[in-house]
Structure formats: C-alpha cells, structure tokens
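Read through the structure below, which is laid out as structure tokens, and then see the notes.
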Amino acid sequence: MTADDYGLIAACLAGRTESFGALVTRYQDRLFNTVIRLVDNAEDARDIVQEAFLNAYQSLYSFKGDSLFFTWLYRIAVNTAISYRRKQKVLLRLHKGGEEGGSVEPADPSEVSRPGHAIEMAEEERRLHEALGRLSPEHRAVLVMKDLEGQKYEEMAEILDVPIGTIRSRLHRARLELRDILVKDKEERKPISEDTE
C-alpha cells in the first residue's frame, strides 16, 4: 500500500496529475472522519479536507518520504483544522454568540431495551461534543487523536511537530479541562431538575 503511494506520488510529480486523484480517493474518508471530530460541522470538514489536499498537492515536491504519505497528509489536515478552529473562536468572541452547527445522531435503539436510553445517550454525546468544542484547538486535537482515534504518542508528536512530552502534557491538561467543563455543566443543570420536581 505505501509502495503504491510512492508510485502515485512519483507519477504525479512526473506530470501525471490524475495520479493524485487516486490518493485523494484513498484517503479522503479517513481525513474527513478525523476533521469532522475537530470542527463538528460536515460542510466545514469537507472544506478543510479539500484545502488539505490542495495544500498537499501544491507541496508534494517537499514530501521527502521520511514518514508515510498518510501521516504527512494527516498532519496537514489536522493543522488546517486547528487553524480553522482558532479563527472560529476569534469570530465567536467578536460576534458574541451563535451556536455552532453540528448534529448528533442518536444511539441505535436496537442496542438497548430500556425506553429513553437512546435519548439519554444522545444527550450525553451532545454534551460531550459541546464540551469538546469549548477546549482550545490544541487540546481538542490531542483528545481526538488519542482518545477517539487511538493514535500513538509518537505519531501525534510527528503530526503536530512537538515533543512527546508536550503531547502528554497537553493530553493531561485537556482531559482535566474536559472533566471540569462536564462537571460544571452537570452542576449547573442539577438545580433546574430539582426545582421542577
């Protein structure tokens, strides 16, 4: 598979640009699945993936082959998504409001027998995504890469171009921050439910 990537890259650099299309087809879904977790909006995720492929195509000559092509491409996509999130946070601060788009699919009700379980799970997932959205782009990226995608510390360090110690530190702080956000949100919801009883 990787030898095939290098063959397609060589063909593209030799002028057969349609070879890059094969790389796009091979990796676009994997990149989209990562990016949508980082930005919570399918349309934005598609734009970011498209931008990442465009950047990769324009920089293809600089790909040295020191890492897998997908690792190099993944780094471009994640960094593009992080930059996008930073810009969005600035815009949200400037405009003071507006809910970010993104929907949560409810859990499959066939997996559980208790009525209402699917709704509860969907609500918990919505809260988690909302809490993730409140993290800094750097913290969100390491949480998605490690906890949702199972990346290794070494891969994450290479992709984000930081030492492994920085990855571990960011991940620790991100988990603490996420926990604090979720606990605070739960405490804020508690009095409302007690008042209605």
Only pairs under 3.5 Å count here: list side-chain donor-acceptor contacts from residues 148-167, not counting sequence neighbours, and write none if there are none.
from   : atom 1 : to     : atom 2 : distance (Å)
Glu149 : OE1    : Thr34  : OG1    : 3.3
Glu149 : OE1    : Tyr74  : OH     : 2.3
Glu149 : OE2    : Thr34  : OG1    : 2.4
Gln151 : NE2    : Tyr74  : OH     : 3.4
Glu155 : OE1    : Lys152 : N      : 3.0
Glu158 : OE2    : Ser67  : OG     : 3.3

When rounded to the nearest 0.5 angstrom, what is the spacing between [atom1] in [X] and [atom2] in [Y]?
X	Y	atom1	atom2	value
Met145	Leu38	CE	CG	8.5 Å
Asp66	Thr71	CG	OG1	11.5 Å
Ile48	Asn41	CD1	CG	8.5 Å
Glu130	Leu132	CD	CG	10.5 Å
Glu177	Asp180	CD	CG	8.0 Å
Ile82	His139	CD1	NE2	11.0 Å

For this session: Applying side-chain contact (heavy atoms from CB on, under 4.5 Å), run through Asp40 and Ile36 and close with a yes or a no.
Result: CA-CA 5 Å; Asp40 277 339; Ile36 196 162; 5.9 Å; no
For this session: Flag the pair Asp147 and Arg37 as a salt bridge only when some basic side-chain nitrogen lies within less than 4.0 angstrom of an acidic carboxylate oxygen.
Result: no
Smallest separation among heavy atoms of [X] and [Y], with atom names:
X	Y	answer
Ala45	Val35	CA-CG1, 3.7 Å
Phe32	Ala42	CE1-O, 3.6 Å
Ala131	Ile181	CB-CG2, 3.6 Å
Gly133	Arg140	CA-NH1, 3.0 Å

Problem set entry | Minimum side-chain heavy-atom gap Asp4-Arg26 below 4.5 Å | yes
Problem set entry | Derivation and outcome, side-chain contact (heavy atoms from CB on, under 4.5 Å), residues Asp5 and Leu68 | CA-CA 9 Å; Asp5 284 353; Leu68 296 175; over 6 Å; no
Can I get a per-line list of side-chain donor-acceptor pairs under 3.5 Å for residues 50-65, giving both atom names and the distance, sequence neighbours left out?
from  : atom 1 : to    : atom 2 : distance (Å)
Asn55 : ND2    : Glu51 : O      : 3.4
Ser59 : OG     : Asn55 : O      : 3.0
Ser62 : OG     : Ser59 : O      : 2.6

Exercise. side-chain contact (heavy atoms from CB on, under 4.5 Å) between Leu178 and Arg173: does it pass, once the steps are laid out?
Worked result: CA-CA 8 Å; Leu178 182 64; Arg173 283 181 290 181; over 6 Å; no
Exercise. Yes or no on side-chain contact (heavy atoms from CB on, under 4.5 Å) for Lys146 and Arg175, after CA distance, side-chain angles and deciding distance?
Worked result: CA-CA 11 Å; Lys146 184 67 177 163; Arg175 287 174 176 159; 3.9 Å; yes
Report, one line per pair, each donor and acceptor closer than 3.5 Å where one atom sits in a side chain of residues 9-21; sequence neighbours left out.
from  : atom 1 : to    : atom 2 : distance (Å)
Ser19 : OG     : Arg16 : O      : 3.1

Problem set entry | Cluster overlap Leu176 with Leu135, hydrophobic side-chain contacts below 4.5 Å | no
Exercise. Among Leu31, Asp44, Asn33, Leu73, which one satisfies side-chain contact (heavy atoms from CB on, under 4.5 Å) with Val49?
Worked result: Leu31
